[in-house]
Every structure is written in structure tokens, then in C-alpha cells.
A.B. asks: 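Pasting a structure below so you can have a look.
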Amino acid sequence: MNQDYPELQQFLAGYFNQDWVDDHKSADDVINYFISDSSEETKTIVQRELDRLISTEKTEKELEDFLFSEMGCYYYYLNEWNDGRTWLKHVASALSNGNAKK
């Protein structure tokens, strides 16, 4: 368990697990499912942890390694997004708005 981002890790590893493509049509569907499935408190904590991660000075390579290796995320965002920070901002925006739309 990641001590700095425990709820974010639960979200990324739990919802974007290795089988997420079998259960959802898109990454935005996963985000929307999380939004509908989670308490306001959990969403607020994930939002806060996302904001903290976004504001770090990690390089793209460091962020990629962190998300895939340390956080257990199986969504390869680089197939749809230019970089990890942009995708994380999208996730944060979806949490704020209550819906993920690209």
C-alpha cells in the first residue's frame, strides 16, 4: 500500500486492474463507475491525492513508472493521452464534475 496516496492507489489498482477492459468500454467508463460507486468522502480524498500527485515535479518517465509499478494501474494512458499529468488532470476534472467526458 502506498503510504502517500492510499486512496488513489485503491482507485487506480482496483478500478484500473488488469481486467478493466473486460468490464468497461473505455477508461472514462471506469472513472464514471468509480464516481457512481464511491462515497463523497472517498472521492474527495482521491481528488486531494490526485491534486498532490499532479503538483509533484516527477518527469513523465518517473510518473509512468510510479503509476504502473508503484500504484498498480493497468491503464496505459499513453494510447489516448499525451502524458500522464494530462490524463490525471482529466481524472481530477471528472471527479470535480461528477462525470468523465473526453
Side-chain angles (χ1 to χ4, degrees):
M1 174 72 62
N2 185 287
Q3 299 301 315
D4 295 325
Y5 305 96
E7 290 297 327
L8 182 57
Q9 183 177 28
Q10 286 287 90
F11 164 59
L12 292 173
Y15 286 80
F16 284 102
N17 61 55
Q18 63 266 28
D19 297 325
W20 77 267
V21 293
D22 296 330
D23 299 325
H24 302 279
K25 293 180 182 178
S26 70
D28 280 350
D29 286 345
V30 174
I31 297 165
N32 287 332
Y33 180 67
F34 171 78
I35 290 169
S36 70
D37 191 46
S38 300
S39 69
E40 289 302 317
E41 179 183 9
T42 298
K43 290 184 282 191
T44 298
I45 295 168
V46 169
Q47 176 79 51
R48 206 172 21 234
E49 291 178 6
L50 267 171
D51 291 343
R52 200 163 15 109
L53 179 58
I54 290 166
S55 69
T56 65
E57 295 185 12
K58 291 183 185 298
T59 66
E60 176 56 32
K61 178 66 174 137
E62 290 169 336
L63 188 57
E64 182 180 332
D65 290 344
F66 180 76
L67 291 172
F68 300 141
S69 299
E70 293 184 44
M71 299 298 273
C73 180
Y74 278 84
Y75 170 58
Y76 191 69
Y77 58 83
L78 292 171
N79 285 335
E80 297 183 69
W81 298 90
N82 291 332
D83 56 70
R85 196 161 269 102
T86 302
W87 178 63
L88 293 174
K89 287 178 182 178
H90 171 73
V91 176
S93 175
L95 290 176
S96 293
N97 298 328
N99 192 357
K101 296 180 188 170
K102 208 171 185 186

A.B. asks: What pairs meet the salt bridge (charged side-chain N to carboxylate O under 4.0 Å, His left out) rule with one or both residues in residues 87-99, with sequence neighbours excluded?
C.D. replies: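 Qualifying pairs: none.
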A.B. asks: Using the test side chain to side chain contact (heavy atoms under 4.5 Å, CB included), find all partners of Asp4 that sit at least two apart in sequence or belong to another chain.
C.D. replies: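 Asp4 satisfies side chain to side chain contact (heavy atoms under 4.5 Å, CB included) with Asn2, Arg52 once adjacent residues are dropped.
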A.B. asks: With rounding to the nearest 0.5 Å, note down the distance linking CE in Met71 to CG in Leu8.
C.D. replies: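 If we round to the nearest 0.5 Å, Met71:CE and Leu8:CG are 4.0 Å apart.
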A.B. asks: How would you list, by chain and number, every residue that makes a ring-ring contact (aromatic ring centres under 6.0 Å, His included) with Phe66, sequence neighbours excluded?
C.D. replies: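 Phe66 satisfies ring-ring contact (aromatic ring centres under 6.0 Å, His included) with Tyr5 once adjacent residues are dropped.
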A.B. asks: Under 3.5 Å, side chain of Glu7 to main-chain N/O of Glu49, donor-acceptor pair present?
C.D. replies: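 Checking the backbone N and O of Glu49 against the side chain of Glu7, no donor-acceptor pair under 3.5 Å is found.
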A.B. asks: Measure from the ring center of Tyr15 to the ring center of Tyr75 and say whether it is less than 6.0 Å.
C.D. replies: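 No, ring centres 6.0 Å or more apart.
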A.B. asks: Within the side chain of Glu70, is there an N or O that forms a donor-acceptor pair under 3.5 Å with the backbone of Gln9?
C.D. replies: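 Answer holds: no.
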A.B. asks: Would you check if there is a donor-acceptor pair between the side chains of His24 and Asn32 at a distance under 3.5 Å?
C.D. replies: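 Distance-only check fails for Asn32 and His24.
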A.B. asks: Is the shortest heavy-atom distance from the side chain of Val30 to the side chain of Tyr33 under 4.5 Å?
C.D. replies: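 Side-chain contact under 4.5 Å: no.
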A.B. asks: Working to the nearest 0.5 Å, report the span between OG1 of Thr59 and CD of Glu64.
C.D. replies: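 Result: 9.5 Å between the selected atoms.
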A.B. asks: Side chains of His90 and Ile31, heavy atoms from C-beta outward: is any pair under 4.5 Å?
C.D. replies: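 Sidechains of Ile31 and His90: in contact.
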A.B. asks: Excluding sequence neighbours, so at least two apart, what forms side chain to side chain contact (heavy atoms under 4.5 Å, CB included) with Ala92?
C.D. replies: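 For Ala92, the residues satisfying side chain to side chain contact (heavy atoms under 4.5 Å, CB included) (neighbours in sequence not counted) are Gln47, Leu50, Asp51, Ile54.
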A.B. asks: Decide if atom CG of Asp22 counts as having more than 12 heavy atoms of other residues, nucleotides or ligands within a radius under 6.0 Å.
C.D. replies: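 Yes - once you tally the heavy atoms of other residues, nucleotides and ligands closer than 6.0 Å, there are more than 12.
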A.B. asks: Quick check: does any side chain N or O of Glu60 sit under 3.5 Å from a backbone N or O of Gly84, one acting as donor and the other as acceptor?
C.D. replies: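 Pair found, side chain donor or acceptor close to backbone of Gly84.
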A.B. asks: Take Thr86 and Glu80, measure what side chain to side chain contact (heavy atoms under 4.5 Å, CB included) needs, and give me the verdict at the end.
C.D. replies: CA-CA 10 Å; Thr86 302; Glu80 297 183 69; over 6 Å; no
A.B. asks: Say whether, by atom type as modelled, one donor and one acceptor occur between the side chain of Ser38 and the main chain of Ile35 under 3.5 angstrom.
C.D. replies: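 Such a contact is absent between Ser38 side chain and Ile35 backbone.
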A.B. asks: Return the minimal non-hydrogen interatomic distance between Leu12 and Trp87, and the atom names on each side.
C.D. replies: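 Minimum heavy-atom separation between Leu12 and Trp87: CD2-CH2, 3.9 Å.
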A.B. asks: Look at the side chain of Lys43 and the backbone N and O of Leu95, then say whether any donor-acceptor pair between them is shorter than 3.5 Å.
C.D. replies: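 Absent.
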A.B. asks: Taking everything shown except Phe68 itself, do over 12 heavy atoms lie less than 6.0 Å from its CZ?
C.D. replies: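 Yes, because the 6.0 Å sphere around CZ of Phe68 holds more than 12 heavy atoms from other groups.
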A.B. asks: Report yes if the side chains of Leu53 and Lys58 come closer than 4.5 Å at any heavy-atom pair, otherwise no.
C.D. replies: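 Contact flag for Leu53/Lys58 side chains = yes.
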A.B. asks: Do Thr42 and Phe34 come close enough that some side-chain heavy atom pair is under 4.5 Å?
C.D. replies: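 Counting from C-beta outward, Thr42 and Phe34 do come under 4.5 Å.
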A.B. asks: With Asn17, which residues qualify under side chain to side chain contact (heavy atoms under 4.5 Å, CB included), at least two apart?
C.D. replies: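 Per chain and number, Asn17 pairs via side chain to side chain contact (heavy atoms under 4.5 Å, CB included) with Asp19, Trp20.
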A.B. asks: For Glu41, check side chain to side chain contact (heavy atoms under 4.5 Å, CB included) against everything at least two apart and list the hits.
C.D. replies: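 By the side chain to side chain contact (heavy atoms under 4.5 Å, CB included) rule, Glu41 matches Ser39, Ile45.
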